[in-house]
Protein chains: 2
Amino acid sequence: MNQNVFDDPRITAVGLLVEAYAGLSARFAAQFDEHGLSPVEFEVLTRLARSPGNQLRMTDLAAQTSLSTSGVTRVVDRMERDGLLTRRACPSDRRSSYAVVTASGLKRLDEVLPGHLRIIEEWFTGQLEPEALKALLDGLRRVRDAVHPGATAGSTDPLPTEHAASGSRC
Amino acid sequence: MNQNVFDDPRITAVGLLVEAYAGLSARFAAQFDEHGLSPVEFEVLTRLARSPGNQLRMTDLAAQTSLSTSGVTRVVDRMERDGLLTRRACPSDRRSSYAVVTASGLKRLDEVLPGHLRIIEEWFTGQLEPEALKALLDGLRRVRDAVHPGATAGSTDPLPTEHAASGSRC
DNA sequence: CCGCTATAGTTGCTGAAGCAGCCGTTGGCC
DNA sequence: GGCCAACGGCTGCTTCAGCAACTATAGCGG
């Protein structure tokens, strides 16, 4: 076996990305867990909270997260059971329903976010001088732009606020 | 709700990392799938192939991947069923067993790796000029080093070749 | 107005992964 | 030599996500 293949700088580059991502994800997950949230639930909460009216149709929510529509159904089931979300019927289209963040859900988010930001700063952005951080982010943006739109996996797009507005708004 | 929280540069930074990672992972997974491998199986295959004798104890394999020991048991079950791996008893410690890559497993890896490297180049390393790539990797390395060692999630360490040698070598 | 097709969401089934508990083995200790 | 704590790996149980099938509604064409 060509042992040296694994020393290929391309492999190393991917390794760095994977490890940095995995390490950060683990920190995030630990903090989410302290607040009784899974990473997916946190993502759902933030997607909804940043959307107009704190709500999104199930389908749109699926498009904005790493979940399939059936996955969204289950997650919303759990979160509705926990009181973080509610389903609301769409008045203009009886097939559709909205997932809406409840006051309790917003409160939970307010409890989680400060610590989340602190963790990002402690383990990610604060690890680098401003110009090094900028270089890192520029590089990531380039890769993201190449690989991003409509990728198979969820897009986690940070600024899709107009997405819901473009759809059949109720 | 403080809508502007989501415009925080720290959130954006994480978004970039997550999206770049997710996008690349999706490309990788698609190619693995063409060769009948899951991402985890590819990881197991590479870990073993880069280890001395193309083998690793189940426990060591678990430590080097994102899996628990029970997860390793199942994955190795599947891959052994598919002929990519074999279990071999450890002569000096009858509790231990090795997972060994078969010729078929190595062949599979040889089929997958060139395309894998091509994808990395096309969507990641080739997207940036050499100095920009270096800056990106330096940044990732800093974050990785901060967050990495013994993290909760799997470590995906790219140079643990001495790991197996340090253990109770048979 | 009727029927046909597309769409929204839910549900049964399957596969994968973790945890906890189990058994067999090992290696130190008396 | 026998005993016992530690360890390696496997199995039962649970959780969770995706796929595919299903129901209900919407919207278009004849």
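Within every chain, numbering begins at 1; the chains are lettered A, B, ... in the order of the sequence lines, protein sequences first and strands thereafter.
In this structure, of dT25(D), dT26(C), dG12(D), it is dG12(D) that holds the atom nearest to the side chain of Arg74(B). If you check dA17(D), dA16(C), dT11(D) against the side chain of Val75(A), the one that comes closest is dA17(D). Side-chain proximity of Met58(A) to the nucleotides dT10(C), dG8(D), dT25(D) is greatest for dT10(C). Taking the side chain of Arg95(A) as heavy atoms from C-beta on, and the options dT26(C), dG18(C), dA6(C), the nearest nucleotide is dA6(C). Comparing dT10(C), dC19(C), dT11(C) against the side chain of Ser70(A) picks out dT11(C) as the nearest. Nearest to the side-chain atoms of Arg94(A) among the listed nucleotides dA26(D), dT26(C), dA17(C) stands dA26(D). Listed nucleotides dA16(C), dG8(D), dG18(D) differ in distance to Ser68(A); the shortest reach to its side chain belongs to dG18(D).
At least one donor-acceptor pair closer than 3.5 Å links the side chain of Thr102(B) to the backbone N or O of Leu84(B).
Atom P of nucleotide dG18(D) and atom CG of Asp33(B) are separated by 15 Å, given to the nearest angstrom. Rounded to whole Å, atom P of dA16(C) lies 19 Å from atom CZ of Phe42(B). Rounding to whole angstrom units, CG of residue Leu37(A) and P of dC16(D) are separated by 13 Å. Arg57(A) has its CZ atom 16 Å from the C1' atom of dT10(C), to the nearest Å. Between the CE atom of Met79(B) and the P atom of dA17(C) there is a distance of 11 Å, given to the nearest Å. Whole-Å rounding puts the Asp77(A) CG to dG12(C) P distance at 12 Å. Remark: P of dT7(C) and CG of Asp60(A) are 14 Å apart, rounded to the nearest angstrom. Rounding to whole angstrom units, CD of residue Gln55(A) and C1' of dA8(C) are separated by 16 Å.
In summary, Arg142(A) and Glu129(B) engage in a salt bridge, as defined by a charged side-chain N under 4.0 Å from a carboxylate O.
Ser97(B) comes within contact range of the sugar-phosphate backbone alone, with a heavy-atom separation under 4.0 Å but no base atom that close. Note on Val40(B): only backbone sugar-phosphate atoms sit closer than 4.0 angstrom, heavy atoms only; bases stay farther off.
Heavy-atom distances to DNA chain D give each of Arg87(B) and Ser38(A) a nearest nucleotide, and the one nearer the 5′ end belongs to Arg87(B).
Sparse packing is recorded around CZ of Arg88(B), with 12 or fewer heavy atoms of other residues, nucleotides or ligands lying under 6.0 Å away.
By the ring-ring contact (aromatic ring centres under 6.0 Å, His included) test, Tyr21(B) pairs with Tyr21(A), sequence neighbours left out. Scored by the ring-ring contact (aromatic ring centres under 6.0 Å, His included) test, Phe42(A) finds Phe32(A), His116(A) as partners (sequence neighbours excluded).
Here Arg78(B) reaches the OP1 or OP2 of dA17(C): one of its side-chain N or O atoms lies under 4.0 Å away.
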